[in-house]
Amino acid sequence: MDPRLAKFLQTNAQWAAAHQHENPIYFDQLKAGQKPHALLLGCSDSRVSPSVVMGAELGEVFVHRNIANVVAHSDLNFLSVLQYAIEVLEVREIIVFGHYGCGGIKAAMDDEAFGLIDNWLANIKDVMEFHAKELDAITDPQLRHDRLVELNVLAQIKNLQQTSVIRKAIKKGITIHIHGWIYDFSTGHIKVVYEPANEPAPQL
Ligand code: CO
């Protein structure tokens, strides 16, 4: 076996034993069911592990990840996750978890052809086109990238609000809070870019 993978398995065995030792009913409690507090949509990037950087315990966050944390209305995978989270798990907090230094955002900006993924990145290109005026005015490429990361999170919040699942929940009188957070893996900090409590819908 690949030595790094072998190490993962070894670490897992130690981790499981340590948790069992520390709290003999730890795994029994998890087995009993989940009642996560939030649904998180993050990027697949290996440097972004939301539960790790937020110190979330197992069972606390229901997670979906894809390239550049996109909400696509044709994506049955994410829409199923969303429906299950809202209707079955009764999750009421949703975090769109973007990150600076996002390769998906960079690829969309650089306009290079990568094959199949270009179709996915078209979702980001839509955001870029919508905000072309603001983005074109930013001369520093790094700052322009950072701004698109932020605009993408806001755009995905808007997309979320337009999903049939969220609309249905609102019709039923259920309040869903959608948050926009951006993780910076160069500092380890999370920046809050959108909070539903003190702001109206994202202005796009
Ligand atoms: Co990314």
Side-chain angles (χ1 to χ4, degrees), residues 4-5 8 36 38-56 60-82 85 91 93-132 134-136 138-163 166 177-196 202 204:
R4 195 68 193 99
L5 296 192
F8 288 154
L39 163 65
L40 184 145
L41 169 63
C43 181
S44 300
D45 194 303
S46 61
R47 297 161 293 182
V48 180
S49 195
S51 294
V52 171
V53 305
M54 304 190 305
E60 282 192 303
V61 186
F62 200 60
V63 177
H64 183 85
R65 294 170 71 178
N66 61 35
I67 291 172
N69 38 271
V70 165
V71 176
H73 292 291
S74 57
D75 179 7
L76 288 179
N77 187 350
F78 174 69
L79 294 175
S80 303
V81 167
L82 179 65
V91 167
E93 306 293 328
I94 304 177
I95 306 164
V96 177
F97 197 88
H99 72 104
Y100 294 118
C102 183
I105 300 282
K106 263 190 197 133
M109 270 196 137
D110 294 347
D111 203 23
E112 281 179 59
F114 293 97
L116 183 66
I117 193 183
D118 298 341
N119 300 291
W120 186 253
L121 296 178
N123 292 299
I124 316 286
K125 291 196 174 156
D126 288 345
V127 181
M128 270 176 68
E129 270 174 34
F130 198 83
H131 296 281
E134 178 184 347
L135 290 166
D136 289 348
I138 306 171
T139 47
D140 183 280
Q142 182 65 51
L143 294 178
R144 197 162 59 234
H145 164 89
D146 289 354
R147 185 59 187 148
L148 182 54
V149 166
E150 293 166 1
L151 291 169
N152 180 51
V153 164
L154 298 177
Q156 303 316 327
I157 289 174
K158 197 136 206 187
N159 285 343
L160 254 175
Q161 289 167 331
Q162 284 162 357
T163 59
I166 299 291
H177 299 123
I178 306 177
H179 310 260
W181 293 4
I182 297 181
Y183 177 66
D184 185 344
F185 55 57
S186 69
T187 65
H189 286 279
I190 292 169
K191 179 173 158 187
V192 175
V193 291
Y194 178 72
E195 263 305 301
L204 291 173

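The structure displayed is predicted, hence computed values, not measured ones. Counting starts at 1 for both ligands and their atoms, in listed order. Throughout, numbering of the chain's residues begins at 1 and tracks the sequence.
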Atom pairs and distances, donor-acceptor, side-chain atoms in residues 73-82, under 3.5 Å, two or more places apart:
{"unit_1": "D75", "atom_1": "OD1", "unit_2": "N77", "atom_2": "N", "d": "3.1"}
{"unit_1": "D75", "atom_1": "OD1", "unit_2": "F78", "atom_2": "N", "d": "3.3"}
{"unit_1": "S80", "atom_1": "OG", "unit_2": "L76", "atom_2": "O", "d": "2.5"}

A68 backbone acceptor or donor facing N152 side chain under 3.5 Å
yes
Distance filter under 2.8 Å, centred on the Co ion (ligand 1) - protein N, O or S atoms that pass it
C43 SG, H99 NE2, C102 SG
Mind checking the CG-CZ spacing from D136 to R144? Nearest 0.5 Å is all I need.
7.0 Å
In sequence, state the C-alpha distance, the side-chain angles, and the governing distance for D45 and R65, and then conclude on salt bridge (Lys or Arg N to Asp or Glu O under 4.0 Å).
CA-CA 9 Å; D45 194 303; R65 294 170 71 178; over 6 Å; no
Non-neighbouring partners of E60 that pass side-chain hydrogen bond (donor to acceptor under 3.5 Å, both in side chains), sequence neighbours left out:
none
What pairs with R147 under side-chain hydrogen bond (donor to acceptor under 3.5 Å, both in side chains), at least two apart in sequence or on another chain?
E134, E150
